[in-house]
Amino acid sequence: MKVDTLLTGGMIVTAQDRFVGALGIRDGRVACLLDSAAGVDAQQVIDVSGKYIIPGAIDAHVHFQDPGSPEREDLEHGTRACAVGGITTAISQPVNNPPVFDVATYRETLAGYEGRSYVDYGLHGGASSGNLDQIELLWTETGAPALKMMMCYSPKSYGMVDDGQLYRIMQILQKHDGLAYIHAENQAIVETLEKQLRAEGRTDPLSYLASRPSWVETEAVRRALILAEQTGCRVILAHVSCADSLEMIGEARGRGVSVFAESCPHFFTFIDEDIVEHGPYLKFSPVMRDEPNLRRLWELLAGGAVQTIGSDHCPYAPEEKTPGLTNIWDAPNGVPGLEVLLPVLLDGVSRGQLSMERLVEVTSLNPAKIYGLYPRKGHLSPGADADLVVVDPSLVKTLDLQDLQTKCPYSPYLGKTFRGWPIMTMVRGVSVAEGGAITGAAGHGRYVSRTN
Ligand code: DUC
Ligand code: ZN
Ligand code: ZN
């Protein structure tokens, strides 16, 4: 057999199993998986003995904020961060300026992305109170993997949906087997608590956490689950922070409700009191919870209660965050996270918190299936795109400023040490990052549309 590239000696991991063998790549796709390299005629052979070969991560929760806010992030920097982080497909959130609220904006946003990305990318559509008349076309006339909506303002400029609007959007999407991607927090309660805390003169970081207790999330998750069950619409709950929410979602899934749970690396890293040290640089929503919740999250992840992990990478410019140092209400919500999505989980693997197979399931196979990118993406079988990551499971490294490719010059993860890092990322058989350095080029990344 002839191949372009042959990776030899690595531990190849799928969501089901693992074996030491060789992986051949031809014309950007996986050509073969073999027990041994014998008899294969390869133009290039890469020995990855002692390393893992896993399918590239698919991060469906990336705020490139492009177009609109180049001082925060852009597609080039964001997808460079993806490349070093082992993310081979990034799906851009529609929370841009302009937001992706109709088919024309969807197409214009994609036209603006042409030739600029280092990794493959998709684009979600958006749903808000003002574009109910666009929902149907936005789903049927674009390749959007999901339509994103907020049950609270996050940010205010994007708008939110009330329960009636949420119900209506789900009814429309259900007719087309569409996917509602929901930020679930109770806006009215957040507003009331924030007002009370401000009236007490609170401006400290912990007051922000006090405005978003866990029941603000669990109440909204329960409402979203009821609407999902009543409409039959497929739903994914974004950035779930509470173990209690995951248990409710699991219970609904058990009853046959078509609902999925996404969580994020920051909920597996930080606890509530960390905001005292990091202040506005660890301000995001929903907020991180207490230590027992963090422990339960790892258990639930290992047990299958989380279907996908998304970074919710959402940087803000330093000058937007610094006012929050003296008054936490004055900083916007969002943290960077593309470079650490895999290291956070790989470190969990090294500590026995989850298996490598589960990691592959939540970072690649499940997102590919949920967002309509499977079988082209999400696994390492012959015929699939050769999107893969070579992982060194014993590399111990502390995140440093120079490891960041994002435009964002701060990260709450700086100084954190992880065991297990991506050391090579390939997108359709082409190396885009090696040893933390970019080897790919802007424009290699292609748009991927959902296929269902
Ligand atoms: N929360 C969101 O819902 N989106 C982006 C940033 C954040 O903190
Ligand atoms: Zn959100
Ligand atoms: Zn987000």
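The analysis underlying the following values was restricted to heavy atoms, covering all of them including side chains, and did not include hydrogens, waters or symmetry mates. Values in this document were obtained by computation on a predicted structure and should not be read as measured data. Atoms within each ligand, like the ligands themselves, are counted from 1 in listed order.
Minimum-distance N/O/S atom of His183 relative to the Zn ion (ligand 2): ND1. Restricting Asp312 to its N/O/S atoms, the shortest distance to the Zn ion (ligand 3) is reached by OD1.
Between Asp387 and Lys377 there is a salt bridge, since at least one side-chain N of the basic residue sits less than 4.0 Å from a carboxylate O of the acidic one.
Between His61 and Tyr181, the distance from one ring center to the other falls under 6.0 angstrom. For His266 and Tyr413, the ring centers sit 6.0 Å or farther from each other. Taking the six-membered ring where the residue is Trp, the centroids of His63 and His313 are separated by 6.0 Å or more. Ring pair Tyr316/Tyr281: centre-to-centre distance not below 6.0 Å.
The Zn ion (ligand 3) has no N, O or S atom of Cys314 closer than 2.8 Å. Residue His239: no N/O/S atom is found under 2.8 Å from the Zn ion (ligand 3).
Annotation: ligand 1 has protein neighbours His63, Ser154, His183, His239, Phe284, Ser285, Asp312, Cys314, Asn333, Gly334, each with a heavy atom less than 4.0 angstrom from the ligand.
A distance-only check finds a donor-acceptor pair linking the side chain of Asp59 to the backbone of Ser311 [under 3.5 Å].
Phe267 and Phe284 have perpendicular rings, their planes meeting at more than 60° on a 0 to 90° scale where under 30° would count as parallel.
Annotation for Gly378 and Ser364: closest pair CA-OG, 3.3 Å, computed over non-hydrogen atoms.
In this structure, NE2 of His61 and NE2 of His63 enclose an angle of 100° at the Zn ion (ligand 3), rounded to 10°.
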